[in-house]
Amino acid sequence: MRIFSGIQPTGRKHLGNHLGAITQYVAGQDRGEAVYCIVDLHATTVPYEPAELRERCYDTAAILLAAGLDTARCILFRQGDVMEHTELCWLLCSVTSWGDLNRMHQFKDKAGTHRELVSAGLFFYPVLQAADVLAYKSDEVPVGDDQRQHIELMREIAQRFNARFGETLVVPEHRIPQVGARIMDLQAPDRKMSTTGGSEQGTVYVLDEPAAILKKVKSAVTDSGSDVVRGPDKPGISNLIDIMAAVRGIAPDAVEAQFADARYGDFKLAVAEEVAAYLAPVRERYAAIRPDQDALDALLAAGAEKARAIASVTLAEVRDRMGVGPAGG
Ligand code: ATP
Ligand code: MG
């Protein structure tokens with residue numbers, strides 16, 4: 001069983017990324033052959049600084065290692081180091097419907113926030129993402145809830161490829177966690193916590209100090225009422241309950257039961273303390289890992305080599321099936 005997922009090196013990773021995706025990456029190492037990719041090419045689809053992108057890739061690699069990725073048990077690499085991704089992206093364009101791309105929520109959301117240039121890259125983002133996953137013939141893709149539509153599209157791309165050119169690609173399944181799949185911005189609980197689109201006060205970063213976490217959680221927007229129970233009209237408190245449940249690894253019901261007598265203020269304090277304690281070891285390990293950039297370079301290069309060994313085989317098959325290049329590879 002092969003597992004694949006990609007994570008953006010745009011800025012700092014947040015609690016939503018950690019609970020929705022990174023914890024699943026760590027668990028994936030024991031469940032199958034795990035391949036994880038820092039998607040620098042995806043990060044170029046929105047305005048960015050080239051020198052910063054490089055730095056953020058190292059930051060992201062260090063966060064993943066600090067969270068528990070172990071390169072003896074998974075393949076960790078940088079997307080741009082494995083050229084097969086971009087070639088496969090182009091080849092898959094031939095079986096991707098323009099109309100489908102035009103329906104993608106992420107494109108609509110992100111396109112709406114850029115006034116200068118809405119790049120074609122942003123539009124093609126889901127095709128490159130499909131190439132990332134399909135190049136490894138992945139069975140499973142651990143992601144947060146916001147990626148549901150993109151995974152659905154890549155399944156369709158794989159199916160259309162197989163129908164048109166013959167059985168070649170594996171149609172992957174998404175793996176979305178039961179709890180923590182959609183952590184909301186603490187200041188705007190109708191929007192997901194986000195690396196690029198969220199509010200600074202409403203975003204808890206994996207590397208935040210306990211004092212910053214306390215401040216952010218205490219000032220989280222809550223709803224009218226005072227009972228610690230979830231409800232469709234209570235997005236703020238529901239989000240905090242979900243966070244508590246995900247961090248503790250229990251069901252949201254159990255959190256409600258435990259805090260049945262508590263008021264919002266007490267509950268916020270408990271959530272802040274729990275989150276701070278949960279993230280502290282990651283922050284401490286990060287501080288030890290991040291400074292050694294040579295070690296990170298070596299590790300990413302070794303990961304890229306292993307990744308290429310898998311992706312190049314798929315590419316040769318795809319090219320052959322599509323009639324691209326000389327017969328037989
Ligand atoms: P952006 O908002 O710029 O797209 P991001 O915060 O979504 O950035 P990504 O690197 O794109 O960060 O996402 C990495 C993983 O984290 C993906 O699997 C995504 O589904 C998951 N994820 C992102 N935001 C959340 C969230 N608020 N709650 C749970 N999972 C999330
Ligand atoms: Mg995202």
Side-chain angles (χ1 to χ4, degrees), residues 3-28 34-48 52-53 56-57 59-61 63-64 67 69 76 78-79 104-114 119 121-122 125-126 128-129 132-133 138 140-154 172-200 202-207 216 220 235-236 238-243 245-247 275:
I3 297 166
F4 181 97
S5 194
I7 187 161
Q8 292 207 69
T10 40
R12 301 159 285 174
K13 301 323 281 185
H14 54 73
L15 184 63
N17 298 138
H18 199 271
L19 296 175
I22 298 173
T23 54
Q24 295 204 82
Y25 296 179
V26 176
V35 185
Y36 302 122
C37 176
I38 298 167
V39 294
D40 53 348
L41 300 177
H42 276 108
T44 66
T45 61
V46 293
Y48 77 100
E52 234 184 65
L53 175 57
R56 297 294 90 84
C57 284
D59 295 351
T60 307
I63 286 185
L64 293 173
L69 290 198
L76 175 63
R78 189 165 39 202
Q79 185 184 32
M104 294 294 118
H105 304 307
Q106 182 177 292
F107 174 71
K108 288 187 204 163
D109 291 349
K110 291 194 178 181
T113 64
H114 302 304
S119 73
L122 194 58
Y125 187 115
L128 181 57
Q129 191 178 348
D132 296 340
V133 173
S138 318
E140 214 178 63
V141 191
V143 282
D145 183 68
D146 63 312
Q147 292 303 311
R148 202 178 276 276
Q149 197 186 28
H150 286 172
I151 307 288
E152 209 37 61
L153 178 67
M154 73 176 68
E173 305 279 341
H174 64 220
R175 189 178 174 88
I176 296 172
Q178 296 279 325
V179 186
R182 194 172 187 82
I183 300 300
M184 310 308 274
D185 188 296
L186 299 180
Q187 289 297 317
D190 56 330
R191 284 204 321 248
K192 84 167 186 89
M193 200 175 274
S194 159
T195 313
T196 50
S199 69
E200 183 68 19
T203 307
V204 173
Y205 295 102
V206 173
L207 302 178
K216 287 174 182 176
S238 301
N239 188 36
L240 292 177
I241 292 170
D242 278 353
I243 289 173
V247 166
V275 170

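Atoms within each ligand, like the ligands themselves, are counted from 1 in listed order.
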Which residues pass the side chain to side chain contact (heavy atoms under 4.5 Å, CB included) test with Pro172, sequence neighbours left out? Val133, Leu134, Val141, Met154, Arg155
Ignoring hydrogens and angles, state whether a donor on the side chain of Ser5 or Tyr25 is under 3.5 Å from an acceptor on the partner side chain. yes
Under the salt bridge (Lys or Arg N to Asp or Glu O under 4.0 Å) test, which residues partner Asp145, sequence neighbours left out? Arg148, Arg182
Output the set of protein residues with a heavy-atom contact under 4.0 Å to ligand 1, ordered first by chain identifier and then by residue number. Ile7, Gln8, Lys13, His14, Gly16, Asn17, Gly20, Ala21, Lys110, Val143, Gly144, Asp146, Gln147, Gly180, Ala181, Arg182, Ile183, Lys192, Met193, Ser194, Thr195, Thr196
Is it the case that Asp146 and Gln106 place a side-chain donor and acceptor less than 3.5 Å from each other? no
Taken in chain and number order and not counting sequence neighbours, the residues that satisfy salt bridge (Lys or Arg N to Asp or Glu O under 4.0 Å) with Lys110 are none
Can you confirm whether the side chains of Glu200 and Gln187 place a donor and an acceptor under 3.5 Å from each other? no
